[in-house]
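Read the structure below first, then the notes.
Within every chain, numbering begins at 1; the chains are lettered A, B, ... in the order of the sequence lines, protein sequences first and strands thereafter.
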Protein chains: 2
Amino acid sequence: MAATIKDVAALAQVSVGTVSRYLNGYEVSEANKRKIDEAIRRLDFKLNPVARSLKTSKSMTVAVVVPALANIFSMSIIEGIERHLDQYGYSVIVCDSQSDVQKEKAKLQFVKDKYVDGVVIMPTGSDGTHITEVLGDELPAVLMDRLVEGAKLDAVLVDNVNAVYQAVERLITLGHRRIGMITGPKDIYTAKERQEGYRRVFVDYNLPMDENLIRYGDYTEDTGYKLMSELMRLDCPPTAVFVANYEMTIGAIMAVNEIGIQIPDQLSLIGFDQLELSKLIKPSLSVVVQPMAEIGQKAAEMLYQRMRGNCDNFPQVIRLKAHFIEGQSIKRL
Amino acid sequence: MAATIKDVAALAQVSVGTVSRYLNGYEVSEANKRKIDEAIRRLDFKLNPVARSLKTSKSMTVAVVVPALANIFSMSIIEGIERHLDQYGYSVIVCDSQSDVQKEKAKLQFVKDKYVDGVVIMPTGSDGTHITEVLGDELPAVLMDRLVEGAKLDAVLVDNVNAVYQAVERLITLGHRRIGMITGPKDIYTAKERQEGYRRVFVDYNLPMDENLIRYGDYTEDTGYKLMSELMRLDCPPTAVFVANYEMTIGAIMAVNEIGIQIPDQLSLIGFDQLELSKLIKPSLSVVVQPMAEIGQKAAEMLYQRMRGNCDNFPQVIRLKAHFIEGQSIKRL
DNA sequence: GATATAAATTGAATCGTTTCATCTAGGAGG
DNA sequence: CCTCCTAGATGAAACGATTCAATTTATATC
């Protein structure tokens, strides 16, 4: 049906080897170049990448595995990856692990069996032994957002500790002492880091910390709502609350609205991840924002280097800065 | 390196043909079944999908092309597609056309040359001749969200006309007459439909319409902001505004907040697409919400049917219902 | 002009499957 | 016992590229 390299060779009156070499950018005589070009044009020849993959065992495809596709964080990162890898001719397969380690493992196996050239993973859970178990150490893989135990891999992370530190420190300097924190599961890397940032402020300022004000959710809107309600129902509720991811921030705001708490008069609030939010709600929300597109771009670049065989200082961990943006949702006590 | 079907055949002492037939679900004697199973297990054999693709010219991969990846609408749909197609063993390649018809065409060509088995497209622009031009009529493709001219294709759409009708009608019954509309480009299908819904209310209620209150943006946050500001700066500003997509809704709310307009006292506002918003901001926003996951799921199912050769009543257009959810952002005049 | 060297070209083998024409064995029917 | 079927099994020939050892052609040197 479609023209093959043989047809081109026949029409151009050269060997298939010559056509192949020309197609792959090797030197070919001027005369042959012209003949081949002409033949390709006349036959509307398109190289069959599947056949090529079979010989080269490169599929020019990478997979991105995330705990959930339908959220801004994943998508912005994926957009960054797609955009960056596009220029090198790679395509991006997306996989949703649905925050399920078993599913994550299955998806990794699936894409590995499909001969993708590389994988970017936002791991679900804190253990990553299954990752190397499935992928081996032949197939390049880059972690993002979260580090895992049991897998030596490149990673692109965000400096959560310091970002949270800044935010909480600001609350301290505004005079707050009872500062609530709504954070993620104890076993998730980013959640641990964000807690660490919080704790460090208290240590550095030599202030007592009330463990009861730290609430562990699961990064969903629902728990954001629930935990915020809990905090505000305490006998001695916090005067400020820091929420450690986007979805929970939404939930927390919903709770605040529902209970009828005035921000910042009755409560100072700091959210996470989305600048949009900051401008959208009234009073403007103070937030810690992550450089999402940059995470994707950096992960893609790193993976690309590994795929072309560059193994310099493996495993490499890139840490990007997050920023605290102050809005009108916090107030001096 | 990795075991091939030949190794399996050798170890099991049968021919490669037999192994292949077994692998593909054809009848094989009980004894051979056992021997092959055993050999596969011992060799940890994995069928090479690239080689298979070369013979079958099926890649078990579909592409999804959208104008932008990093927005809730695209992502929710892609999540729906991925989830649905996963069960059939397909993987999903994502492509960002960046709202650029040229890029869209290039991406389509790219995935076609990669031998994907099907394509789901949220087209950018109102013309779709380039789609059939590139894809031909061999490669199954379904449109979503938007219809285009010049391409006969299956499509999954949302009944924008009636959803908007409901929302605007509600404003009318609340006594509003000067109703602003911030909508999308005149040449984009959904924007046209949403305008149509708006106009129809005025016709049906036999009310005069002020064309000056209809503002055409480009579905971005920026124009939402700009157009809302413009509307409110009119000598005789609208008493209610309907914003016809998510990003512009965000922008519009930002403008409203900035100018300091009280909602719903000074202005009734209806937004689009995201239920989250409704609950998040105060007063709760009235919104028209689309069934995003369902769009993805339906598009995937349709594409799947086409890929297996089911050509019943082509081209088929499925129209899903959107819903108007009333919040506290609108008020009787 | 002869020789040495480098650069292009050739075409067959290969990647790991599927497929198809051909062959085999075993059971049914007479 | 022979013939006819049929369900399974066989193995070679694709699929459409790359690659490599061998060969031809071109270029440089003396």
Find out whether B:V148 and B:D127 are in side-chain contact, i.e. whether some heavy atom of one side chain is under 4.5 Å from a heavy atom of the other. no
Do A:M144 and A:V64 have side-chain heavy atoms sitting under 4.5 Å apart? yes
Does A:E301 form a side chain to side chain contact (heavy atoms under 4.5 Å, CB included) with A:K298? I'd like the steps, not just the answer. CA-CA 5 Å; A:E301 184 54 29; A:K298 280 273 193 289; 5.7 Å; no
Using side chain to side chain contact (heavy atoms under 4.5 Å, CB included), reason through A:I40 and A:I36 one step at a time and then give a plain yes or no. CA-CA 6 Å; A:I40 289 178; A:I36 295 173; 3.8 Å; yes
Just call it for B:V28: base, sugar-phosphate, or nothing, with non-hydrogen atoms closer than 4.0 Å on any strand. sugar-phosphate
Salt bridge or not for B:K35 and B:E38, using N-O below 4.0 Å? no
Give me each pair satisfying salt bridge (charged side-chain N to carboxylate O under 4.0 Å, His left out) with a member in residues 84-96 of chain B, each pair once, sequence neighbours excluded. A:R83-B:D96, A:K107-B:D86
Residue met sooner reading DNA chain D from 5', once B:Y115 and B:E27 are mapped to nucleotides: B:E27
D:dT10 OP1/OP2 closer than 4.0 Å to side-chain N/O of B:S15: yes
Please list, for nucleotides 22-27 of chain D, all pairs of protein and nucleotide N/O atoms separated by less than 3.5 Å.
none

Within residues 29-41 of chain B, those residues having any heavy atom closer than 4.0 Å to DNA chain D are B:S29, B:N32
Polar side chain donor-acceptor pair, B:T61 to A:K114, under 3.5 angstrom: yes
Quick one: label B:V50 by what it contacts on the DNA or RNA (base, sugar-phosphate, nothing), any heavy atom closer than 4.0 Å. nothing
If we only count heavy atoms from C-beta on, is the B:K58 to B:S53 side-chain gap below 4.5 Å? no
Is a side-chain donor-acceptor pair under 3.5 Å present for A:N32 with A:R21? no
Pairs where residues 131-147 of chain B contributes a residue and the test side chain to side chain donor-acceptor pair (under 3.5 Å) is met, not counting sequence neighbours: B:K105-B:E133
What pairs of nitrogen or oxygen atoms, one from the protein and one from nucleotides 17-20 of chain D, lie under 3.5 Å apart?
from   : atom 1 : to    : atom 2 : distance (Å)
D:dA17 : OP1    : A:N48 : N      : 2.7
D:dA17 : OP2    : A:I5  : N      : 2.4
D:dT18 : OP1    : A:N24 : OD1    : 3.4
D:dT18 : OP1    : A:N24 : ND2    : 3.0
D:dT18 : OP1    : A:R52 : NE     : 2.9
D:dT18 : OP1    : A:R52 : NH2    : 3.0
D:dT18 : OP2    : A:S20 : OG     : 2.5
D:dT18 : OP2    : A:N24 : ND2    : 3.4

Using the side-chain contact (heavy atoms from CB on, under 4.5 Å) criterion, which residues pair with A:Y90? Sequence neighbours excluded. A:M60, A:V62, A:L85, A:Y88, A:D117, A:Y304, A:M307
Measure the distance from OH on B:Y22 to P on C:dT19 and round it to the nearest whole Å. 18 Å
